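Letters A, B, ... are given to chains in the order of the sequence lines, protein chains preceding strands, and every chain is numbered from 1. Since this is a predicted model, take the numbers as computed values, not measurements.
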2 protein chains.
Amino acid sequence: MSGRQRKVVCITELRQACRTCSLQELCLPMGLAAEDIQRLESIVGHKGPLERGRHLFREGDPFQSIYAVRDGALKTYSIDADGREHVLGFHLPGELLGLDAIYPRVNRCSAVALSNASVCVLPYDRLSDLAHEVSGLQSQIFRLLSKDLSISANLATDHTAEERLAGFLISIAARSGAGTELKLVMPRRDIASYLRLATETVSRLLARFQQEGYVEVHRKNLQLLNVEGLRRLGGSFELTGLASAIRRPLRG
Amino acid sequence: MSGRQRKVVCITELRQACRTCSLQELCLPMGLAAEDIQRLESIVGHKGPLERGRHLFREGDPFQSIYAVRDGALKTYSIDADGREHVLGFHLPGELLGLDAIYPRVNRCSAVALSNASVCVLPYDRLSDLAHEVSGLQSQIFRLLSKDLSISANLATDHTAEERLAGFLISIAARSGAGTELKLVMPRRDIASYLRLATETVSRLLARFQQEGYVEVHRKNLQLLNVEGLRRLGGSFELTGLASAIRRPLRG
DNA sequence: AATCAGTATTGACCTGGATCAACAAAACAG
DNA sequence: CTGTTTTGTTGATCCAGGTCAATACTGATT
């Protein structure tokens, strides 16, 4: 385990760090009492930088903390009995990881950095205790779990390759919040695994989307030229519907 | 809305009703204080009987309660933009519904009875308040949400039709807890939708499983003849892995 | 600047499971 | 009982997307 764990000491620094955090509704706009911010702060650790390719946790590790991405990106995945890797999700700044391990108290998947990343560490027992006392925190955790549940349920439904990829692009764009210019940090293979497609299919579809004027692709750099059209292609395959309610909606 | 809502008044009656409930770890084996049982009881309503085909809630309804199945079975589903129905889950006695609506505060799916059913009604606001005070209840809700998340994430992964159906049969058997003799309350069409297959594929696979001696099928009645074999066919497609940790494991 | 390894694209072909179509067996209504 | 509807099975065909194979591109290394 590289990257030591240390306390975040300065509230203003935390505020900055949490600007895009999934707990932001609690921390900032909802005007939590300074006292409560301090209490949350007191249990939040910080880990990083975590180099690209380094694991944050591995399948089978005993569950102790959940994590919030501060910077960079991670993916979660599991390896099945036949050795096939299944990408379960991508985690961008402000998003949480490890929620699915609460129940079994053992990590059900591994998390690895897709680029150099740093994360907030939220020790579950302490977070759970604190949620008991700070009313808004409990509800916020309920809501975050519920949201992930919806996203995951939607991902499980039946859609064509075209719908999946279009929906995915919209989702990444909305979540990375950088407008229509975005960087695909993850390799094609991971996108394909996440969407249950072959890498060749992803590649071909991107080529087609480009040819039809929806996007411009240069390797990992991608420019959305017709967001509305992509949204139409995506149809009901909405990976973002919920997340975007918290975050800045994508104009276009 | 048929079926009036009334208070469950007798603790022993509740104990009975909760015998197979997903909250049982809290209510019973973990020896919650009688006082706390009473408090939980005081907020739990009861609704039913709900006739086959009747809705418990519909997509778009404002979210107020989550539900626990007492008796019978329900399915949750949503209708996409093109009018296609996607079955999101089946809910057997002891299982919860509606958790995915916590976040958006609006139901993301509809729930309909597959057979005559009755449910416990857990008004979310009151449950949430109570979870604040009763320590074990908060953790239990976190765990149930986390569990559903794992199941849903697994359902979203990439598996063959054979793996899906075998995994599904194992899951239903374990959850209905009736050993190897089980009744498929839901029509083939719903199984197919849930597993992202065509009904014809489900039908053909069941025929093949029978021919190969794994099961015996008579319409909705099904007998598992080779549970270990089915488990092997299911491979890593484990819809049950987690649920079975709470419940009686399936021998065979 | 040549080598190598990892990643992405493109083409040719194949197949699992969808779709279409016809039929059978229950469930239900009168 | 007799139609009628709903649900399930089976066969024939088709195609979206997977697989296999060859070819680029990119970046890191020396």
Please classify the nucleic acid contact of [X] as base, sugar-phosphate, or nothing, using heavy-atom distances under 4.0 Å.
X: B:Arg196; value: sugar-phosphate
X: B:Ala161; value: sugar-phosphate
X: A:Thr199; value: nothing
X: A:Arg208; value: nothing

Worksheet item: Relative to each other, are the rings of B:Phe57 and B:Tyr67 parallel, tilted or perpendicular (30° and 60° limits)?
Response: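 Parallel, since the angle between the ring planes stays under 30°.
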Worksheet item: Does any N or O donor sit under 3.5 Å from an N or O acceptor when you compare the side chain of B:Arg204 with the base of D:dG11?
Response: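 Check passes, donor-acceptor contact within cut-off.
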Fill in: Nearest-neighbour nucleotide for the A:Glu200 side chain, C:dT19, C:dT10, D:dG8 considered
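The answer is C:dT10, which lies nearest to the side chain.
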In whole Å, what is the span from the [atom1] atom of [X] to the [atom2] atom of [N]?
X: B:Leu206; N: C:dA25; atom1: CG; atom2: P; value: 18 Å
X: A:Glu162; N: D:dG18; atom1: CD; atom2: P; value: 14 Å
X: B:His218; N: C:dA24; atom1: NE2; atom2: P; value: 19 Å
X: A:Leu184; N: C:dA8; atom1: CG; atom2: P; value: 9 Å
X: A:Gln210; N: C:dT9; atom1: CD; atom2: P; value: 9 Å
X: B:Leu205; N: D:dT9; atom1: CG; atom2: C1'; value: 13 Å
X: A:Met186; N: C:dT7; atom1: CE; atom2: P; value: 14 Å
X: A:Arg219; N: C:dT10; atom1: CZ; atom2: P; value: 10 Å

Closer than 4.0 Å, any side-chain N/O of [X] to the OP1 or OP2 of [N]?
X: A:Thr201; N: D:dG18; result: yes
X: A:Lys220; N: C:dT7; result: no
X: B:Arg189; N: D:dT7; result: yes
X: A:Arg188; N: C:dT9; result: yes

When you compare the side chains of [X] and [Y], does any donor N or O come within less than 3.5 Å of an acceptor on the partner?
X: B:Arg175; Y: B:Ser171; value: yes
X: B:Thr76; Y: B:His91; value: yes
X: A:His86; Y: A:Asp80; value: yes

Fill in: Salt bridge flag under 4.0 Å for residues A:Glu212 and A:Arg208
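Yes, this pair counts.
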